[in-house]
Amino acid sequence: MLTLAPEPPAVPTAELGRARERIEDAALLRGQGRFADDLAVPPGTLQAAVLRSPHAHARIRRLDVSPALSMEGVRAVLTGEDVKRWASPFAVGVRQPMQHWALAVDKVRYVGEPVAVVVAENRYRAEDALDRISVEYEPLPAVVDPVAATSSDAPLLHEAVGSNVVVDRHYRYGEPERAFENAAHRVSVTVHYPRNSCTPIECFVVLAEYRDADGSYEVHSNFQGPFGLHSVMARALNVPGSKLRLRMPPDSGGSFGIKQAVFPYVVIMSLAARKAGAPVKWVEDRLEHLVAASSATNRVTTLEAAVDPDGRVRALRYDQIDDCGAYLRAPEPATTYRMHGTLTGAYDIPNLLVRNRIVLTNKTPSGLNRGFGGPQVYFPLERLMQRIAWELKLDPLDVIRRNLVPTNAFPYRSAAGSLLDSGNYQEAIERAVRDGGLEELRRRRDEARAQGRLYGIGFAACVEPSISNMGYITAVMTPEERAKAGPKNGAVATATINVDPLGSVTVHIASTPQGQGHRTVAAQVVADVLGLDPEQITVNVELDTQKDAWSIASGNYSSRFAGAVAGAVHLAAQRIRERLARIAADMLGTTPDKIRFFDGAVHADNGKSAPFYRVAGASHWSPNSLPEGERGALRETVFWTPPQLSEPNQDEIINSSLCYGFLFDYCGVEVDRVTGRVRIDRYVTMHDAGRILNPAAVDGQIRGGFSQALGAALLEEFAYRPDGSFLSGTFADYLVPTAPEVPEPVILHMETPSPFTPLGAKGVGEGNNMSTPVCIANAVADALGCADVTLPLTPSKVRALIGIDEPPPPRAVDEPPLDVPAGASTLTADGSVEFQAAPEAVFEALLDPRVLSRIVPGCHTLERVGEHSYRADVTVGVGPIKARYDARIELCDLDPPRSLVLSGKGVGGMGSAEGSGRVVLEPLSGGGTRLRYNYRAAVSGKVAAVGGRMLQGAARMLITQAFERLGRELGGPSPAARVGLWLRLLRLLGIRR
């Protein structure tokens, strides 16, 4: 039997539902925001830089930090040995013998893993000192494919576990075997959801202090929560929770989930401060963020449906493999289980079989990402619904309609346990079809196809969960394991309201917003209850774990603000109003039920009134005159958690979230037959997020989610080589949409208030991250008439779907052989330079070690180790990376004075590099020499993270510079070469001649 919460009491609606402008924006537009890097630092604060692994998988054989410690201004270097002495491994969400230390100990498992931290007087000295740390690695085989990682012969990341599969659980709901046995049709899809991530303007910031007097740590950071991770950090630091004081700044430059992943660096910098004996500050740069912060979990899903002839789905069978990277870092495997109760989506499907496998690979550990777990579920589910329509020759929209949860079924318990609180999915779809212009899009599709153009329409219907049940992650355990560990459930939200002696109202919330406008909406909620203007209300969103009200569920995630936090604010405001009503009734000669609050005053039904500040001030100025039972000092703190969020039961039923909004998307896209570019003609998104508190804020969140999802659909992907080298470390290769690339979606609304939240509101803002990628994919599949599509739908992938084979890169004549390491990035450069000197002089110059040392880019020293063989100390800068190599350079295949091969190999802290180039010398008719070169290089490790575009350009530039230096050694390039240089400069400036 389901028990519903009582109907929320009626509240004034002067503010709620109004599109009020954000009160946060005035300071931000004036450059007066207070972000983590803007906060004042204590005297003597030092700066930190992190040494990171260039290898995806390697043993650490030797670590020598003494050269770095000898540098001026360097105060300390934190290593894994320090971490082992003062800290413990991070808690792991499953019972497996794996250890994840704050710094690498004995072994590295992904490119970018922190190995050591240099603490110096400034960041420049700290960065320079990183080059002086000597690390001897023993590279090991890596695995980056999650399916390959499940194999018994795959390279093991954690030998103590004995497998890369750390979770393998089966779930059964209803009678799925019977449904499949009796099915008229079985339809299945296998899809790969890729890794993508968040790219907030502001990266991670940590300012840490160690207080030796009491052994405590104090940390300022732009951590977003959930604050259940406070316990994880405290345990890693070997201190009770009261000895780890976390403080969050009032402003944050975006997050979208990823700032949860700052928590390991809170521990790292706390330990660095302890070692240095001074406060330590660290600001993450963009390369570090992309390489080593976090990402969404990539998933491989095989999903099969038992289907009736009319498209009605009777059962689903999921086989999910989630790749969580090198460590199962808290709160993982939450990606898998946040949506566990919602695997049937918006559909009434009573039978379900599920297999969940969590695997580890040599990639960055995964974590929170906007839509957390939703895109990974809805991509296969909504691709399956389209495939059913395609194979059964049905209309995709009809298949969706036939499977929706019935309108009269709410609250509806799904097969795996989600309690869908309210909705009318059929009505939402009908409104979207009518008001979004679906029939017009269908006409456009018919006209385009008649003209031979590629045009398609895609659909997606999803429920958007919000307010996570803190117990859902325990569904990864067996019932027996849960019984031993104790129950986990609920979603506590907190809010505090204080009214001072002058009647000013201050609100504190523990939601740590990252730009969503929580201060504005909280002010509106309180203004409605107390009859004030929102501008009269101050909302504080800073959080200090030592003095503010918070819980493990506090933080900014799972779209919990509107339903939980704003609801707690409303309840706290009601308590303040009840107390004020008793005080005012005594002052105005009436009863509390006859008191009303509006226009900044307190009004009685007898016509008397008093200013709000006078009634509120009485609780401070004259507490002895207050009515009996009134304690004075108006301050109320509310802790609220809903009863519907219970722990998983013996049957593995889990209501993983409290509220479930509904969104229905459709879009029309056109695909260019030649370029493969996908153009969105129109995108319609219908949302039912319960009661809307601020329409402008809601629409802003929808636009933001749509923009981010557009990147996931068309552009963004974390790319790895087979050796684990990360290839998307700059925005040259990790492409994100900018304003010109984002079309304006058609946003539609309806409201079915939730019976489970104080204000009837549900979460919004993550839904399009779940629906938009698959909606666009379905439209592209419709346009091309293909069964399978893979994200992101880049032009090259779309061209392959069309049937256009990309031509292989051209191979130059006499291209030298190159033993390319597995998974390394291959670069090429070819060109020519003309000299005034004769070929004999040029050839002799190339054999001269003194000349060679001057033309090799970044060469510090060069010594002969054999005939035409040299050892060199070389530093090369590529974009944001400066790589120092111990290099071997050889000249071979000498054919004087006509040609030779120049080869080099280097190993350094940023990875390895290898190159080989053939040099051909041709005499010019008027005297002089034309030098032609064709060069190939391969790089791996962290240096590969800058991506192919930047590396390719850098390789060509460096090789060209080397031979131009040779020309200067020989007395300067020929006039023709100088003209060529001038023309290149003009082209760089955008001038064509």
Point to revise | Residues that Arg30 engages under salt bridge (charged side-chain N to carboxylate O under 4.0 Å, His left out), provided they are two or more places apart | key: none
Check your understanding: For Thr637, which of Asp548, Thr494, Thr496 qualifies under side chain to side chain donor-acceptor pair (under 3.5 Å)?
Key -> Thr496
Point to revise | Test: Glu578 and Arg575 ion pair at under 4.0 Å | key: no
Check your understanding: From Ile23 CD1 over to Gln524 CD, what is the distance, rounded to the nearest 0.5 angstrom?
Key -> 8.5 Å
Check your understanding: Between Ser466 (side chain) and Arg560 (backbone), is there a donor-acceptor pair under 3.5 Å?
Key -> no
Exercise for review: List in chain and number order the residues that pass ring pair (Phe, Tyr, Trp, His ring centres under 6.0 Å) with Trp550, two or more places apart in sequence or in another chain; answer none if no residue qualifies.
Suggested key: Phe227, His230
Review point. Quick one: are the ring centres of Phe597 and His603 less than 6.0 Å apart?
Key: no
Review point. Charged N to carboxylate O below 4.0 Å: is that the case for Arg247 and Glu218?
Key: yes
Check your understanding: Donor-acceptor pair, Thr641 side chain versus Ala491 backbone, under 3.5 Å?
Key -> yes
Point to revise | Ionic contact status for Asp25 with Arg22, cut-off 4.0 Å | key: yes
Review point. Side-chain contact, heavy-atom cut-off 4.5 Å: Val526 with Val569?
Key: yes
Practice item. Run through Gln224, Lys259, Gln260, Gln516 and flag the one making a side chain to side chain donor-acceptor pair (under 3.5 Å) with Asn556. Key: Gln516
Exercise for review: Give the C-alpha distance, both sets of side-chain angles, the deciding distance and a yes or no for ring-ring contact (aromatic ring centres under 6.0 Å, His included) between Phe223 and Phe204.
Suggested key: CA-CA 8 Å; Phe223 176 63; Phe204 297 166; 9.8 Å; no
Review point. Could you give the distance from NZ (Lys594) to CG (Asp605), rounded to the nearest 0.5 Å?
Key: 5.5 Å
Review point. For Asp421 and Lys762, what are the C-alpha separation, side-chain angles and deciding distance, and is it a salt bridge (Lys or Arg N to Asp or Glu O under 4.0 Å)?
Key: CA-CA 10 Å; Asp421 49 332; Lys762 308 181 186 186; 3.4 Å; yes
**Study point:** Electrostatic pair Asp251:Arg34 at N-O distance under 4.0 angstrom
**Key:** no
Point to revise | Pair Val232-Phe90, side-chain contact (heavy atoms from CB on, under 4.5 Å): steps then yes or no | key: CA-CA 6 Å; Val232 173; Phe90 292 113; 4.0 Å; yes
**Study point:** Salt-bridge present (Arg631, Glu636; N to O < 4.0 Å)
**Key:** yes
Check your understanding: Would you say the side chain of Ile583 lies within less than 4.5 Å of the side chain of Ser619, judging by non-hydrogen atoms?
Key -> yes
Check your understanding: Can any side-chain N or O of Ser656 pair as donor or acceptor with the backbone N or O of Arg338 at less than 3.5 Å?
Key -> yes
Revision key, fill the gap. By salt bridge (charged side-chain N to carboxylate O under 4.0 Å, His left out), Arg482 pairs with (sequence neighbours left out) Glu652
Check your understanding: Counting only heavy atoms not in Arg235, do more than 12 sit closer than 6.0 Å to its CZ atom?
Key -> no
Review point. So with a 6.0 Å cut-off around CG of Leu29, is the heavy-atom count from everything else above 12?
Key: yes
Review point. Do Leu419 and Phe756 have side chains that get closer than 4.5 Å, going by heavy atoms?
Key: yes
Exercise for review: Write down the atom of Lys243, the atom of Asp214, and the distance for their closest heavy-atom approach.
Suggested key: NZ-O, 3.2 Å
Check your understanding: Do Thr752 and Asp688 have side-chain atoms, one donor and one acceptor, less than 3.5 Å apart?
Key -> yes
Point to revise | Backbone of Arg20 reached by a side-chain donor or acceptor of Asn694 within 3.5 Å | key: yes
Exercise for review: Flag the pair Asn768 / His687 as yes when at least one side-chain heavy-atom distance between them is below 4.5 Å, and no otherwise.
Suggested key: yes
Practice item. Check whether any side-chain heavy atom of Arg18 sits under 4.5 Å from a side-chain heavy atom of Leu16, and report yes or no. Key: no
**Study point:** Greater than 12 external heavy atoms within 6.0 Å of Glu535's CD
**Key:** no
Exercise for review: Give a yes-or-no answer on whether the side chains of Thr520 and Glu24 include a donor-acceptor pair shorter than 3.5 Å.
Suggested key: yes
Check your understanding: Does Arg614 CZ have over 12 foreign heavy atoms under 6.0 Å away?
Key -> no
Exercise for review: Take Asp699 and His749, measure what side-chain hydrogen bond (donor to acceptor under 3.5 Å, both in side chains) needs, and give me the verdict at the end.
Suggested key: CA-CA 10 Å; Asp699 284 1; His749 295 285; 2.7 Å; yes
Review point. When the ring centroid of Tyr337 is compared with that of Tyr472, is the distance short of 6.0 Å?
Key: no
Review point. Do Ile552 and Met470 have side-chain heavy atoms sitting under 4.5 Å apart?
Key: yes
Check your understanding: Between the side chain of Ser504 and the main-chain N/O of Asp500, is any donor-acceptor distance below 3.5 Å?
Key -> no
Exercise for review: Assign the ring pair Phe662 / Tyr425 to parallel, tilted or perpendicular, where the plane angle (0 to 90°) is split at 30° and 60°.
Suggested key: parallel
Point to revise | Nearest-0.5 Å distance that lies between atom OG1 in Thr538 and atom CD in Gln536 | key: 10.0 Å
Check your understanding: Distance-only, no hydrogens or angles: does the Lys281 side chain make a donor-acceptor pair with backbone N or O of Val205 under 3.5 Å?
Key -> no
Point to revise | Partner set under side chain to side chain donor-acceptor pair (under 3.5 Å) for Arg582, not counting sequence neighbours | key: none
Revision key, fill the gap. Those residues at least two apart in sequence (or on a different chain) that pass ring pair (Phe, Tyr, Trp, His ring centres under 6.0 Å) with Phe612 are none
Practice item. May I ask you to decide if Gly490's main-chain N or O and Asn469's side chain share a donor-acceptor pair within less than 3.5 Å? Key: yes
Practice item. Compare all side-chain heavy atoms of Ile537 with those of Val507 and state whether any distance is below 4.5 angstrom. Key: yes
Check your understanding: Where do Leu626 and Gly632 come nearest, in terms of heavy atoms and distance?
Key -> CD1-CA, 3.7 Å
Review point. Is the side chain of His570 donor-acceptor paired with the backbone N or O of Val529 at a distance under 3.5 Å, no angle test?
Key: no
Review point. Would a 4.5 Å heavy-atom cut-off, applied to side chains only, mark Ser559 and Glu464 as touching?
Key: yes
Practice item. Please check if any side-chain donor atom of Asn424 sits under 3.5 Å from a side-chain acceptor atom of Thr407, or the reverse. Key: yes
Exercise for review: State whether the side chain of Asn655 and the backbone N or O of Gln644 hold a donor-acceptor pair below 3.5 Å, judged by distance alone.
Suggested key: yes
Check your understanding: Which residues pass the side-chain contact (heavy atoms from CB on, under 4.5 Å) test with Ser414, sequence neighbours left out?
Key -> Thr344, Tyr412, Ser418
Review point. Got a donor-acceptor contact below 3.5 angstrom from the Glu209 side chain to the Ala273 backbone?
Key: no
**Study point:** Within 6.0 angstrom of Glu542 CD, more than 12 heavy atoms from elsewhere
**Key:** yes
